[in-house]
2 protein chains.
Amino acid sequence: MTSDNLPQAESAIDIDAQQIRDTIRDAIVERRLAPGTKLSETDVGSLFNVSRTLVRAALQALSYEGLVSVEKNRGAFVAYPSVTEAQQIFATRRLLEPVILREAAPNIGKAEIKELRKLLADEERLTNQRGAPARRAEIKASGDFHLAVAGMSGNAILKRFMDELVARSSLVIALYGQSVISSCGHHEHQQIVDALEKQDIEAACRLMLQHIDHIEADLDLRPARKGSDLKDAFQR
Amino acid sequence: MTSDNLPQAESAIDIDAQQIRDTIRDAIVERRLAPGTKLSETDVGSLFNVSRTLVRAALQALSYEGLVSVEKNRGAFVAYPSVTEAQQIFATRRLLEPVILREAAPNIGKAEIKELRKLLADEERLTNQRGAPARRAEIKASGDFHLAVAGMSGNAILKRFMDELVARSSLVIALYGQSVISSCGHHEHQQIVDALEKQDIEAACRLMLQHIDHIEADLDLRPARKGSDLKDAFQR
DNA sequence: ATCCTCAAGATTGTATACAATAATGGCCAA
DNA sequence: TTGGCCATTATTGTATACAATCTTGAGGAT
């Protein structure tokens, strides 16, 4: 595996570490890069036409976000979340998202509802489009909804925590998702906005939790796969 | 300002980036390094007898934790949280710590109570000791209590979020704290453990919120100081 | 005296060179 | 043929060199 499935370099002159990080992150979140994929410093560097220095910085940052795991003397790989990690990611979302909704609710007025509805419209449009690029954009759009709500909390720290959780969720879905669609039920986002518009925060929280449950229900988080129990993977 | 107030280098051979990061973080959290202090790559490097490469990696990681702010082409500085950031840090703690307590409660049995009591004993011992080193250790111990509880939630992500919040709290207290003691009321930790021992989670949450309120009450988070309004800082 | 300009110095940004470690594949022995 | 051992190669870890940018302070004009 060489550079083939990395996003093509921005031919724009003067790339910096942050742009590399963002590009790789997008590729991971949109599942163009599969979990476990090796991210060789030289390969990535030549894609972006930069030295390993900048690549290392980008990979280090991504490692802090939990999207990349770097193993000493072995290199960086797209993270491969364990079942336990996957469970913790969703457990944390279940704990945090209602809290965020309650924080955001007082700040959600007409303008904010409008902004959310615009995101929903984008999602809808992508849902009706076909082809891989639309699927990828849909994945991202679905996450953007959750992030937009977090942003409305006005708390930058909560927002950052959600950034991380949403991004890592994408990896978990890539690994353990069963149905092809896998991304959030777009309809549920709509219901949440409806509840928010009516200022019914309790309903919004309830719907949010159900929504997270639905995402998680589509995952196959039984043990195994984890390398150790290969036998019953073949046993059938 | 040169290297004087940086912790002395580990003369142990073979330091790596993580050790540098940890050492600097400890120095920041224990307030041996004041907010705003410049962390010159060359200076830090010569302290640890490593090249700038490793120092940069450490500073980058600390920047991601919010303990250091790196300004392009200007260098790295111990973070200087704004009033807004300070408020958000404590707002987030108020939201998160009760959630964490509820998550941790089912996992807290005899052994865990014992562990927490041990931490309290350490705190108490330090409180009765005098001298700057004891004060520093006390600051750290006080944070360790909150982190221990977070660890008992069994959720590594929550724990990491708390790691960040506790560390940044220390910076906020250093900047905006008024009373000299400034660190957590040790007594309140004790009450929380008492409530946990009685399985009275509601009380524990209530006490935790009060505790956070008390810490925040010791802060002077009025605007100003923020550099722009220097005049009324001298106006008295 | 004050302000502006600009050159010298210092510091960070990036690339490259070298060292250390891990991965690969061939060779030999059983 | 198979399994283990060692040399070779590739990749990461760290230091250093050079480029770009900022900071500082002296000098001169007003």
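Letters go in sequence order (proteins before strands), and every chain restarts at 1. None of these values were measured; they are calculated from a predicted model.
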key: Test: A/Lys118 and A/Glu115 ion pair at under 4.0 Å   = no
Distance below 4.0 Å between B/Arg52 side-chain N/O and C/dT12 OP1 or OP2 = no
Value in whole Å for how far the P atom of C/dT21 lies from CD of A/Glu71 = 17 Å
Length of the line joining B/Leu54:CG and C/dA19:P, which is rounded to integer Å = 17 Å
query = Whole-Å distance between C/dA15 P and A/Ile15 CD1?
reply = 11 Å
ask   = In whole Å, what is the span from the CG atom of B/Asp16 to the C1' atom of C/dT21?
value = 15 Å
ask   = OP1, OP2 of C/dG13 versus side-chain N and O of B/Arg56: anything below 4.0 Å?
value = yes
message = What's the separation between atom CZ in B/Arg136 and atom OG in B/Ser170, rounded to the nearest 0.5 Å?
response = 12.0 Å
key: Reported NE2-to-CG distance for the pair A/His146 and A/Leu119, which is rounded to 0.5 angstrom   = 11.0 Å
query = Which whole-number value in Å describes the distance from B/Ile20 CD1 to D/dG13 P?
reply = 15 Å
task = With the side chain counted from C-beta on, respond yes when A/Leu67 and A/Arg168 share a heavy-atom pair under 4.5 Å apart, and no when they do not.
result = yes
Nucleotide nearest A/Lys72 (side chain, heavy atoms from C-beta), chosen from D/dG13, C/dT14, D/dA15 = D/dG13
query = Below 4.0 angstrom from OP1 or OP2 of D/dT12, is there any side-chain N or O of A/Lys38?
reply = yes
key: Nearest-angstrom distance from the residue atom CD of A/Glu41 to C1' of C/dT16   = 14 Å
ask   = Taking CD from A/Gln60 and P from D/dT12, how many angstroms apart are they, rounded to a whole number?
value = 14 Å
key: Toward the 5' end of DNA chain C, by each residue's nearest nucleotide, A/Val50 or B/Arg74   = B/Arg74
request  = Output yes when at least one side-chain N/O atom of A/Thr53 is less than 4.0 Å from OP1 or OP2 of C/dT14, else no.
outcome  = no
message = Closest approach to the side chain of A/Asn73, judged atom by atom: which nucleotide of D/dT16, D/dG13, C/dG13 is it?
response = D/dG13
ask   = Is any NZ, NE, NH1 or NH2 atom of the basic residue among B/Arg94 and B/Asp213 found under 4.0 Å from an Asp or Glu carboxylate oxygen of the other?
value = yes
